[in-house]
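Reading through the structure tokens given below for one structure.
To find a chain, count down the sequence lines: A is the first, B the second, and so on, and within it residues start at 1.
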6 protein chains.
Amino acid sequence: MALFDLPLEKLRAYRSTAPEPSGFDPFWSQTLAEARGHDLDAVFTPVRTGLATLDTYDVTFSGFGGHRVKGWLVLPAGTAEPLPLLVEFIGYGGGRGLAHTHLLWASAGFAHFVMDTRGQGGGWSTGDTEDPVGSTPASPGFLTRGIEDPQDFYYRRVFTDAVRAVEAARSHPLTDSARTAVTGISQGGGITLAVAGLVPDLVAVAPDVPFLCDFPRAATLTDALPYREIGRYLSVHRDRRERVFETLSYFDGVHFAARATAPALFSTALEDDVCPPSTVFAAYNAYAGHGKHIEVYDFNGHDGGGPFQQVSQLRWFAERLAEDS
Amino acid sequence: MALFDLPLEKLRAYRSTAPEPSGFDPFWSQTLAEARGHDLDAVFTPVRTGLATLDTYDVTFSGFGGHRVKGWLVLPAGTAEPLPLLVEFIGYGGGRGLAHTHLLWASAGFAHFVMDTRGQGGGWSTGDTEDPVGSTPASPGFLTRGIEDPQDFYYRRVFTDAVRAVEAARSHPLTDSARTAVTGISQGGGITLAVAGLVPDLVAVAPDVPFLCDFPRAATLTDALPYREIGRYLSVHRDRRERVFETLSYFDGVHFAARATAPALFSTALEDDVCPPSTVFAAYNAYAGHGKHIEVYDFNGHDGGGPFQQVSQLRWFAERLAEDS
Amino acid sequence: MALFDLPLEKLRAYRSTAPEPSGFDPFWSQTLAEARGHDLDAVFTPVRTGLATLDTYDVTFSGFGGHRVKGWLVLPAGTAEPLPLLVEFIGYGGGRGLAHTHLLWASAGFAHFVMDTRGQGGGWSTGDTEDPVGSTPASPGFLTRGIEDPQDFYYRRVFTDAVRAVEAARSHPLTDSARTAVTGISQGGGITLAVAGLVPDLVAVAPDVPFLCDFPRAATLTDALPYREIGRYLSVHRDRRERVFETLSYFDGVHFAARATAPALFSTALEDDVCPPSTVFAAYNAYAGHGKHIEVYDFNGHDGGGPFQQVSQLRWFAERLAEDS
Amino acid sequence: MALFDLPLEKLRAYRSTAPEPSGFDPFWSQTLAEARGHDLDAVFTPVRTGLATLDTYDVTFSGFGGHRVKGWLVLPAGTAEPLPLLVEFIGYGGGRGLAHTHLLWASAGFAHFVMDTRGQGGGWSTGDTEDPVGSTPASPGFLTRGIEDPQDFYYRRVFTDAVRAVEAARSHPLTDSARTAVTGISQGGGITLAVAGLVPDLVAVAPDVPFLCDFPRAATLTDALPYREIGRYLSVHRDRRERVFETLSYFDGVHFAARATAPALFSTALEDDVCPPSTVFAAYNAYAGHGKHIEVYDFNGHDGGGPFQQVSQLRWFAERLAEDS
Amino acid sequence: MALFDLPLEKLRAYRSTAPEPSGFDPFWSQTLAEARGHDLDAVFTPVRTGLATLDTYDVTFSGFGGHRVKGWLVLPAGTAEPLPLLVEFIGYGGGRGLAHTHLLWASAGFAHFVMDTRGQGGGWSTGDTEDPVGSTPASPGFLTRGIEDPQDFYYRRVFTDAVRAVEAARSHPLTDSARTAVTGISQGGGITLAVAGLVPDLVAVAPDVPFLCDFPRAATLTDALPYREIGRYLSVHRDRRERVFETLSYFDGVHFAARATAPALFSTALEDDVCPPSTVFAAYNAYAGHGKHIEVYDFNGHDGGGPFQQVSQLRWFAERLAEDS
Amino acid sequence: MALFDLPLEKLRAYRSTAPEPSGFDPFWSQTLAEARGHDLDAVFTPVRTGLATLDTYDVTFSGFGGHRVKGWLVLPAGTAEPLPLLVEFIGYGGGRGLAHTHLLWASAGFAHFVMDTRGQGGGWSTGDTEDPVGSTPASPGFLTRGIEDPQDFYYRRVFTDAVRAVEAARSHPLTDSARTAVTGISQGGGITLAVAGLVPDLVAVAPDVPFLCDFPRAATLTDALPYREIGRYLSVHRDRRERVFETLSYFDGVHFAARATAPALFSTALEDDVCPPSTVFAAYNAYAGHGKHIEVYDFNGHDGGGPFQQVSQLRWFAERLAEDS
């Protein structure tokens, strides 16, 4: 994929024009308050994975609407003292996968919590969490479920689950709440940004090639799924454009970024047509936390930095999550 | 698309090997009984379409779980006596569309009822019916929603809606219940077959290039969506194969066909890779109603007979639905 | 398809630079005069379609060169008084189709005339009209037939047929010549514009996503057929560029639009790569009739407004074609 | 393209089931008689190509209907005695091209005559011959023009042109009529077979990957154009199947092959989905001339043997066309 | 991808017809002897990866021709006693990647050795090993490099490297030579089979969806790369078919399988068009080691069993490599 | 392919920003000096092609590293006096092909020398020259072989071969060294430019749609191979960007063009996405030879001018290579 978005020097200056709704903060404070009205009830059950160096727990906690959400907690074998905590969110279409597949962050010495994404898991890795909420007519995928009303929108439930996932992970005795980081790739990066804007006391935020940013631009800039689900929906429901973008304005990573406070390590790729670099820079340039950096991969698409970004993150998390940082 | 399925002479003899579960009949009688526990409450509201020769009503009735389902009823303008009734189901991904778009069957002198398909309408025509039931992880689309349990499977709700739609249409004073036909293309044809097996007193059944037939063959014969959703799901959830096909066995058009009693006019196309001809013949060859015929289109894909099939249907419905037939 | 053409605000100001040949008007007046030298000989034969609310006539009339051209005339059943007349032209590759397939406009209370497009009908709907004129070497399709000389160009014959089709339709006793509208989608929209520039006393002109406009831009802006036929021809006949565009300049919808006088309702779609929005706006912005409006569909391709545009047209035609308008 | 047709051992035994119409021979004798009713009037005009070793003539002669058809005659520079004659026909969509592009066969010492294909030349090489005959509705391309009647079918004109081209070439004083060969690739190979069946005194026939053979099989075996034009036409005109194959039966290379008498060198490629090997073997196995051979290329598609087949032909023509052969 | 290969019951009985050259064993014994003429010189250098639970070494050893080949050795942190050894080979196009990316097998308690594939690493993961040997003309990729002579063929060097990699890994003091297993996916699986046939004292062999098996069938059954490189080469070098398959016969996994002695766990996927299941079963059915099993994934392509196969392997290796097995 | 690069008026003014390394000239003078340290040893062996008008010689000479490189020399049959010499280089992936396939330039009266491209010939025409030099990891294809060091880069060897090919051709007694031209299409055009910059006494240089120009722009402007090989390599080796472009800077046609002195006839096509027109104009606008011209084909892709460009070249070479020019 050749370059198709703005050149790098313009990306560095790009500001999204996505409008922020006046009710953004109340919408989210009420949403979280409702969710917290349900008992978190985080349950950690050890599982046998056949791994010698890591201990893994099957996790269940109550997310949006009190619905039970799954996750994995992975720790270095025999951990006895609280470890810095890394909460990870998953890319679009995948679920938490099998228990033995989350190796990197616990091998690096962190308590690693992976949240399952409700209803997802039919695309590329198995999922175990039901989304018990139905939907008005929607395009195939998740991005237009309930898109005609912020209250009904699918990501209202997911972002709420994510905030509760951080709380669930922190509730485990071997995690150190004071040293909590969030990270994820693509949709996982979008959720990461939402959590960065909704959870005040994080110490590190690392969204890679994040999705769910700068919807008005994303919806018309790329043919690639999943952003294109918006266009597909509106190509049928031709009279719902305003309503749809009104809904999306409550979920735009740009607005969450503007509320974030933690240091951040972003990444983007200049040939990424799934999450175009301008939509990532829209969030990055709006990001309010002090101490932010973005890795730019020149010749990559949505694969982004891959193992090179992991090297950057290994170093950066080690610094950020060191006990005295 | 060149020929890829069995040659015609083998199609005419082909019998599906899809096993029928022993609990098939109880499953459906209980399901329908539950749905009938909710008041049908069919409401017909006239709408202005700008058409001079046709009268159109916006319909709402209670389907599965008592959920409110939408539809259109279209009659020749000024109809004063009950007319023969044609109930139509919609293809995959589409909804009931706008009110003025259903012209043919009422212009031909029938009472034409179009059922909206719950949750659908984001693909190619607008829909207005919510599916308020959530789902375990599923592939994009509808064919794997709740696929791990017959009780939860999406088409349990849709087929039930369809039976109730016939009841709703018949409840209108200008429809003649004794002369009721069902029809539909693709998914609409699959729903038609389900209704043919579940509603005992129909006088004509006309499934075109029906979907939802002979799942074990369909799932491995074609790469085309939506049948491929099954393969996509199982390519991730590799350990769920038996459970998935067990669920599908309660919804196979082949088994509904074996319970049908009304005369039928099928159609299929030899180059149809979406609903391959062998899967259609699987249902046709199993169809138990007396007086059945199938139109075979040699060089068409999933477009099937199109307007040529409409000509066949106009003639056949006129015969089947004449007052004294 | 993401946005690829000018942004909407620039589209609204865009003016085509396609040059108008000085001989444009004489070319067309001579062409029409020649055609009118043949007896129109419009013949209307009732056909049985099985429809109860509509009467349909098989029409034959003499078009360009006196060649016999087919059409359908559809009226509300039992029409006794002249009705406002809507003449429709067909999209690229299709013919007039089967008799029962033209339902909307007569159901809406108009006399609806559908012209077959000579030689077409092998693409998506059946045609019944021969184009008895051969061609110098051309690319597959119709857009380069005879393209090296305006006298030989295929659309010289088609546009002439279209003017004669209006005359044929008006010759029927149940059509009201004083209330004549023309409409069509894609190629039908391009023909609509030609007729709008060649027939002086129309009362409504409604081209949807029109083809055959602003050839110099269209030929280099899009890879999609049929505009790309021009590029394919010139990629072989590399030395004919000037001659080809000279020919096309006699057929550009932009120049016909500049001669139109009737009110118009256009439509375009911002993601339409078949008839890109700038080529549609080129005609719209040049359109000289008073009272013009354009519907813009943001997330559609060449499907344009579809049923939504029909709703707009139902309303607009009702106003424009009311007896006292 | 992997193997998709019969395995080689079955190809060698394959016999087409395409029925031969009883009127085949009268149809062609009448057609040729009519054409010969027009004066051949072969005109040879020297052209300057810039080549030193070859002399080239621009040729015009009267083909079907007396229509003027173009060609090139290329001779080794300074030829003084009649040379063996090689008449070549062109592949689908191309014309005779520019004068300097036909180098091989005259460089090999033959008189090389290239026939332009009427109406073609918009696809990949320039053409200069009009097809002045129009058509009933047809799919894009040439294969369905006039396909509903053998009298009107496009290839009736082309095959007649080809017979007349041989006569025109032989009329030149520097060609030796007694040593005439015909050859061509793809469509050129199909025309070669027709000429082999219609011209009695050829000494060599060399069709490469010939098109226009075994229509009933070809039409359903491959998705590739141009055979697929038949299916496209019939996917619209669903009721014309019998008529279309009746027409094609007068033009099937299998039937021409059965009438041929000259030795032949065929070629085919096992991965050729444009002209599948079984359709080529259908003609080869039916070929009645004594002394036939077929080169089989295992891993090629429609490119066939390319320069390797030229090597075979250089050797074979040299033998067949030697003065005393 | 729908099913395209033999049905499962025929796969279980399928035997390759690929002929084994009489010189197979001498060819390989001489090749290995030559390689062993160079000092192995395995060098292990610790690297910092940022991982806490694993120790990683950068490895260099002498492979074919004494060329220096790279690898990684990964051990559980602080390993003090020799561990069972798992040697892994990499898929086509990739290299050994970055040091921190090999986590699974050492986390499971094994000494995990990853061999870099010479010259590869430009496709999807970085490589660090030069292939200092040039090539006669070849298609893009590696499969036709030197394909006209077994002595020059690329995989002669790679398979030799692989045997030497096992020797290098075994030379490390913390690996237990008596408990050595080999594994790999795709090309890695093909190399695994070669090693299984060339190294006599392995205790477990686990090829997943192996490449490089049953060349005569693979070359004509699938369009997918890399097998298709053979067809591409032969579509140009049309006269080299015998020579090419003669060369490949020295490298066919089927023949290595017939020489293997260790227990094996294979995997294949029925929709795998890259390494079709019949080519995998060709090797499996020929596999001579006692105690073999194959996992079959019904709805997967070349992704095969993915994490599900890892679960099978974790269990199977644990059994096979237990100290007293 | 629609227009995607700069409009023509901007192309005419476009200047590449590719930086020229300070060591460019020493690098090449040392490279050529090394090559000339090997005996050229040009051997010309007559071959039988079956052609009557042309004489062909199989050529072998020593190129880079003294490696033996193949070629063809084609002369008009019976040539007795030295002829003007045209040295041609081949497009990407192809080899020198079979002996009878090079007809045009000798037929036009020139001594025509065709150089084989080392290692190539697996793509579309046969090759006979080994590249005996291996490579560090590279993407499939040739453009990234040895790309991390100018000394190792594949084109260092090819460009050197090309200079030596000119010397070899000139060494034949029937070629007139004082009238030497170079030409080639695509990669052949890129090599032509290199030779134009490295050989001082040429009289005509004719690169068609040349490859290997303006790498920094080409690498990000187009998705098409082979330029995209650069991006593929860097998408894996994400940390090598500077090193890669540093290497390429020694091989950029823009810098060779700036050193050229002979008159030149370029060609480019505005829809060429393989060698985009801006990259061709980058070289053209930098070309320092006096008397340059560029043919621009408006509606062509990488096929460029094809036979039309040959006509231009026939005329231009005739002028440039006339004895007294």
Side-chain angles (χ1 to χ4, degrees), chain A residues 47-56 72 74-79 81 83-84 86 94-112 114 121-127 299-301 303 305-322, chain E residues 47-56 72 74-79 81 83-84 86 94-112 114 121-127 299-301 303 305-322:
Chain A
V47 291
R48 282 188 52 107
T49 58
L51 302 181
T53 64
L54 303 175
D55 292 338
T56 305
W72 300 119
V74 193
L75 302 171
T79 297
E81 294 294 309
L83 292 174
L86 200 51
R96 64 172 182 166
L98 302 191
H100 73 279
T101 58
H102 302 283
L103 299 163
L104 180 60
W105 297 116
S107 296
F110 302 116
H112 181 206
V114 181
W124 50 270
S125 68
T126 52
F299 286 92
N300 290 86
D303 58 334
F308 285 76
Q309 183 64 11
Q310 289 175 339
V311 169
S312 291
Q313 290 181 334
L314 280 165
R315 196 175 304 124
W316 189 75
F317 283 135
E319 289 166 14
R320 295 295 319 154
L321 298 175
Chain E
V47 291
R48 282 188 51 108
T49 59
L51 302 181
T53 64
L54 304 174
D55 292 338
T56 304
W72 301 118
V74 194
L75 302 171
T79 297
E81 295 294 309
L83 292 174
L86 199 51
R96 64 171 181 166
L98 302 191
H100 74 280
T101 58
H102 302 283
L103 299 164
L104 179 62
W105 297 117
S107 295
F110 303 116
H112 180 205
V114 182
W124 50 270
S125 69
T126 52
F299 287 93
N300 289 86
D303 58 333
F308 285 75
Q309 183 64 12
Q310 289 175 338
V311 168
S312 292
Q313 290 181 333
L314 280 164
R315 197 176 303 127
W316 189 75
F317 282 135
E319 290 167 13
R320 296 295 320 151
L321 298 175

- Region of A/Leu98 in contact with chain E, defined by heavy-atom distances below 4.5 Å: side chain
- For A/Pro307 and E/Thr101 the tightest heavy-atom approach is CB-CG2, 3.8 Å
- Item | Minimum heavy-atom distance A/Leu54-E/Thr53, with the two atoms named | CD2-CG2, 4.4 Å
- Message: Under 4.5 Å from any heavy atom of chain E, what part of A/Thr126 do you find: side chain, backbone, both or neither?
- Response: side chain
- Could you look at A/Phe317 and say if it's the side chain, the backbone, both or neither that has a heavy atom under 4.5 Å from chain E? neither
- Atom of E/Leu314, atom of A/Leu51 and distance for their closest heavy-atom approach: CD2-CD2, 4.4 Å
- Answer with side chain, backbone, both or neither: which region of A/Ala106 has an atom nearer than 4.5 Å to a non-hydrogen atom of chain E? backbone
- Tell me, side chain or backbone of E/Ser107 under 4.5 Å from chain A's heavy atoms, or both, or neither? both
